[in-house]
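Chain identifiers are assigned alphabetically (A, B, ...) following the order of the sequence lines, protein sequences preceding nucleic acid strands; residue numbering begins at 1 within each chain.
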Protein chains: 2
Amino acid sequence: MQADLVIRALGALAQEHRLAAFRLLVQAGAAGIPAGALAERIGVPPSSMSFHLAQLANAGLVTQRRESRSIIYAADYAAMNGLMAYLTENCCGGLPCEDAAACAPAKPEETVL
Amino acid sequence: MQADLVIRALGALAQEHRLAAFRLLVQAGAAGIPAGALAERIGVPPSSMSFHLAQLANAGLVTQRRESRSIIYAADYAAMNGLMAYLTENCCGGLPCEDAAACAPAKPEETVL
DNA sequence: CCAATGATTCGATAAATGTTGAAATATAGA
DNA sequence: TCTATATTTCAACATTTATCGAATCATTGG
């Protein structure tokens with residue numbers, strides 16, 4: 001993943017409604033969620049939702065597939081993981097990071113919600 | 001970590017110069033880097049760098065400490081990990097995610113740079 | 001105290017982003 | 001084909017964000 005795409009991905013997630021949509025999609029898994037359902041659950045008009053979903057798709061964070069009249073969105077886990085790898089790349093300047101407590105992922109209890 | 005802070009963190013990272021600064025800090029570790037050095041390495045005027053560092057600090061992604069005339073910035077690894085935990089929270093809707101290939105972090109070779 | 005150094009704040013301006021109704025596009029069923 | 005449903009595109013407008021020189025603040029050494 002390269003810098004430009006990473007910036008687009010971060011920018012896509014840095015917005016209340018898009019972050020909410022992405023998290024719903026992350027939790028929904030491969031099944032995905034139709035655009036309309038996302039708009040309703042998040043509480044924005046369809047045109048706004050469409051705008052936001054386009055940004056997520058442009059950043060490569062979600063995929064879309066048509067299913068009858070609906071367009072189903074789903075999170076792209078590889079993109080999400082690539083994004084996180086980019087942020088932690090070369091963490092702490094090299095090897096010592098691997099086992100350093102300061103650099104290890106925090107425990108779920110400390111970070112959830 | 002709560003939604004508002006997460007959005008600020010993502011927004012802070014979603015900018016060319018700030019992303020560059022944060023990555024330098026991630027690699028620098030606890031030693032950190034003075035504001036002026038960051039400005040020089042990234043190629044922006046001191047006032048611009050200061051503006052960007054303030055955003056990173058406001059999002060909790062970096063810490064700052066004065067050392068003589070310099071102000072040293074350092075990455076806050078806990079905040080970074082909290083951010084990533086928030087994004088992957090409840091991934092794939094529950095337990096099956098733990099060992100599902102689609103949800104596992106990608107291999108370094110595929111994501112580096 | 002004064003001059004030099006490192007950094008931030010302020011203010012004006014430019015550029016990008018978010019919002020949403022109305023119109024357009026695509027699909028399904030009678 | 002006509003109508004209803006699902007979604008996107010367009011356009012206008014409001015809001016937020018980025019840039020950077022000049023002025024200001026903080027620290028150090030002479």
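Residue A:Ser68 is in sugar-phosphate contact alone, with no base atom involved, counting any heavy-atom pair closer than 4.0 Å across all strands shown. Heavy atoms of B:Pro45 sit under 4.0 angstrom from primed sugar atoms or phosphate atoms, though from no base atom.
In the set C:dT8, D:dT19, D:dT8, the nucleotide with an atom closest to the side chain of B:Ala35 is C:dT8. Of the candidates D:dA22, C:dG21, D:dT27, D:dA22 carries the atom nearest the B:Ser47 side chain, counting heavy atoms from C-beta on.
Nearest-nucleotide assignment on DNA chain C puts the 5′-proximal partner with B:Pro46, out of A:Glu16 and B:Pro46.
Taking side-chain N and O atoms only, B:His52 has no distance below 4.0 Å to OP1 or OP2 of D:dT17. One finds a side-chain N or O of B:Gln15 lying less than 4.0 angstrom from the OP1 or OP2 phosphate oxygen of D:dT19. For the OP1/OP2 pair of D:dT19 and a distance below 4.0 Å, the side-chain nitrogens and oxygens of B:Ser48 include no atom meeting the criterion. OP1 or OP2 of C:dG18 sits under 4.0 Å from a side-chain N or O of A:Arg18. For C:dG6, the OP1/OP2 oxygens have no side-chain nitrogen or oxygen of B:Tyr73 closer than 4.0 Å.
Not a single donor-acceptor pair under 3.5 Å links the side chain of B:Gln2 to the backbone N or O of B:Asp4.
Distance, A:Met49 CE to C:dG21 P: 15 Å, rounded to whole Å. Atom CD in B:Gln64 sits about 10 Å away from atom C1' in C:dT8, given to the nearest Å. Distance B:Leu53 CG to C:dT8 C1': 11 Å, rounded to the nearest Å. Atom CZ in B:Phe51 sits about 13 Å away from atom C1' in C:dA15, given to the nearest Å. Put simply, CZ on B:Arg66 is 8 Å from C1' on C:dG6, counting in whole angstrom units. What separates CD of A:Glu67 from P of D:dT7 is a distance of 11 Å, to the nearest Å. Regarding A:Leu13, its CG atom lies at a distance of 12 Å from the P atom of C:dG18, rounded to whole Å. Spacing between atom CD of A:Gln55 and atom P of D:dT16 amounts to 17 Å, rounded to whole angstrom units.
No side-chain heavy atom of A:Leu53 sits under 4.5 Å from any side-chain heavy atom of A:Ile71. A 4.5 Å side-chain heavy-atom check between A:Ile7 and B:Gln15 finds every atom pair outside the cut-off.
Contact annotation: side chain of B:Ser70 to base of C:dG6, donor-acceptor pair absent below 3.5 Å.
Pairing each heavy atom of A:Leu61 with each of A:Ala12, the nearest pair is CD1-CB, 4.1 Å.
The pair A:Arg65-A:Glu67 meets the salt-bridge criterion, since a charged nitrogen lies less than 4.0 angstrom from a carboxylate oxygen.
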